[in-house]
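Being a predicted model, the structure only gives us computed values, none of them experimental.
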Amino acid sequence: MLAISGDLSIAAEREQIIKSVLQVYPTIDILVTNTGGPPTGKIEDLKQEDWDHAYNNLLASVVGLVKGFLPGMKQKKWGRIISITSMAVKQPINNLMLSNSVRASVVGLIKTLANELAMYNITVNNVMPGYTETERLKELIENNPSFSSAKSEIPLGRFGTPEEFAAAVAFLASERASYITGVSLAVDGGWTKSLF
């Protein structure tokens, strides 16, 4: 096992992480991109640096990682790229201006990559977690009263577990998901109301 620490929102650190991984594993088969959520707030509460950091953390990190690891996948003509975003890309959540805005651009990137990379037998998908029992959810509930009623809005009547979410990601990374590409899979207990 290889563990490397670094800030994916900083290009130089991201490039060092990619270089370190490729020194040990010349190619990788599965890339799962995931970074922490940006601060909450309405547009008037957010400074330009908040927007810049959200862009670098949520979108530039995905672009950089894909570009860094894609050559090996193309050479092998096999790969899985899975981006973790949020159910907010389908149904924006109040007070999550940065997440709602920047994560939607990640979905556009993933869908475009799915079309471009299909000829190389590389599937590219997006997984959208709903309210999942994590430290981030606890933080949102503590800092935003509007999140306290979230459980009542979920048809299954409970928050998801990290294990349930991980199972969906593991499936998309498997051989059994070889005909699934370009999708945005909600793992949200039915919370998202949109049809598509």
Residues Phe171 and Ala177: closest non-hydrogen pair is O-CB, 3.2 Å

| query | Taking the side chain as C-beta and beyond, is there a heavy-atom pair between Met73 and Asp29 under 4.5 Å? | reply | no

The reported gap from NE2 in His53 to NZ in Lys47 (rounded to nearest 0.5 angstrom) is 14.5 Å

Result for side chain to side chain contact (heavy atoms under 4.5 Å, CB included) between Ile81 and one of Leu65, Asn125, Thr181, Val124 points to Val124

* List the steps and the verdict of side-chain hydrogen bond (donor to acceptor under 3.5 Å, both in side chains) for Ser184 and Asn126. => CA-CA 5 Å; Ser184 291; Asn126 176 54; 3.1 Å; yes

May I ask you to check whether over 12 heavy atoms, not counting those of Leu2, lie within 6.0 Å of atom CG?
-> yes

Heavy atoms of Met97 and Ile43 approach each other most closely as CE-CB, 3.9 Å

Distance col, row Glu49:CD vs Asn56:CG, nearest 0.5 angstrom, shows 12.5 Å

Tightest non-hydrogen contact, residues Met128 and Phe165, listed as C-CE1, 4.3 Å

**Request:** Can you establish whether the number of heavy atoms outside Glu139 located under 6.0 Å from its atom CD is more than 12?
**Result:** yes

Output for pair (Thr40 OG1, Ile93 CD1), nearest 0.5 Å, gives 11.5 Å

Rounded to the nearest 0.5 Å, the CG atom of Leu59 sits from the OG1 atom of Thr35 at a distance of 10.0 Å

### Query
With side chains defined as the heavy atoms from C-beta onward, is the minimum distance between Met119 and Lys74 less than 4.5 Å?
no

- Message: With a 4.5 Å cut-off on side-chain heavy atoms, are Lys138 and Glu135 touching?
- Response: yes

Heavy atoms of Asp188 and Ile154 approach each other most closely as O-CG2, 3.8 Å

Heavy-atom nearest pair, Ile18 first then Gly64, reads CD1-O, 3.4 Å

Assigning hydrophobic clusters by single linkage (Ile, Leu, Val, Met, Phe, Trp, Tyr; side-chain heavy-atom cutoff under 4.5 Å), is Val169 placed with Val183? yes

Value for OG (Ser101) from CG (Leu96), rounded to nearest 0.5 Å, stands at 10.0 Å

- Quick one: sort the Tyr131 and Phe159 rings into parallel, tilted or perpendicular, breaks at 30° and 60°. tilted

Between Thr192 and Met87 the two heavy atoms that sit nearest each other are OG1-CB, 4.0 Å

Distance col, row Glu153:CD vs Gln91:CD, nearest 0.5 angstrom, shows 8.5 Å

Looking at Lys193, I'd like to know if its NZ atom is crowded, meaning that more than 12 non-hydrogen atoms belonging to other residues, nucleotides or ligands lie closer than 6.0 Å. yes

Let's go through Val32 and Ile84 carefully: what are the C-alpha distance in whole Å and the side-chain angles of both, what is the deciding distance for side-chain contact (heavy atoms from CB on, under 4.5 Å) to 0.1 Å, and is it a yes or a no?
CA-CA 7 Å; Val32 179; Ile84 311 304; 3.9 Å; yes

- [ ] Indicate, with yes or no, if Ile17 and Leu58 share a hydrophobic cluster defined by side-chain heavy-atom contacts under 4.5 Å among Ile, Leu, Val, Met, Phe, Trp and Tyr.
- [x] yes

### Query
Leu31 and Thr33: side-chain contact (heavy atoms from CB on, under 4.5 Å), yes or no, with the steps?
CA-CA 6 Å; Leu31 172 63; Thr33 67; 3.9 Å; yes

- Starting from the C-alpha separation in whole Å, work towards a yes-or-no answer on side-chain contact (heavy atoms from CB on, under 4.5 Å) for Leu172 and Thr123. CA-CA 9 Å; Leu172 287 176; Thr123 64; over 6 Å; no

Under 3.5 Å, which donor-acceptor pairs do the side chains of residues 105-117 form with other protein atoms, sequence neighbours left out?
{"residue": "Ser105", "atom": "OG", "partner": "Val102", "partner atom": "O", "Å": "2.4"}
{"residue": "Thr112", "atom": "OG1", "partner": "Gly108", "partner atom": "O", "Å": "2.8"}

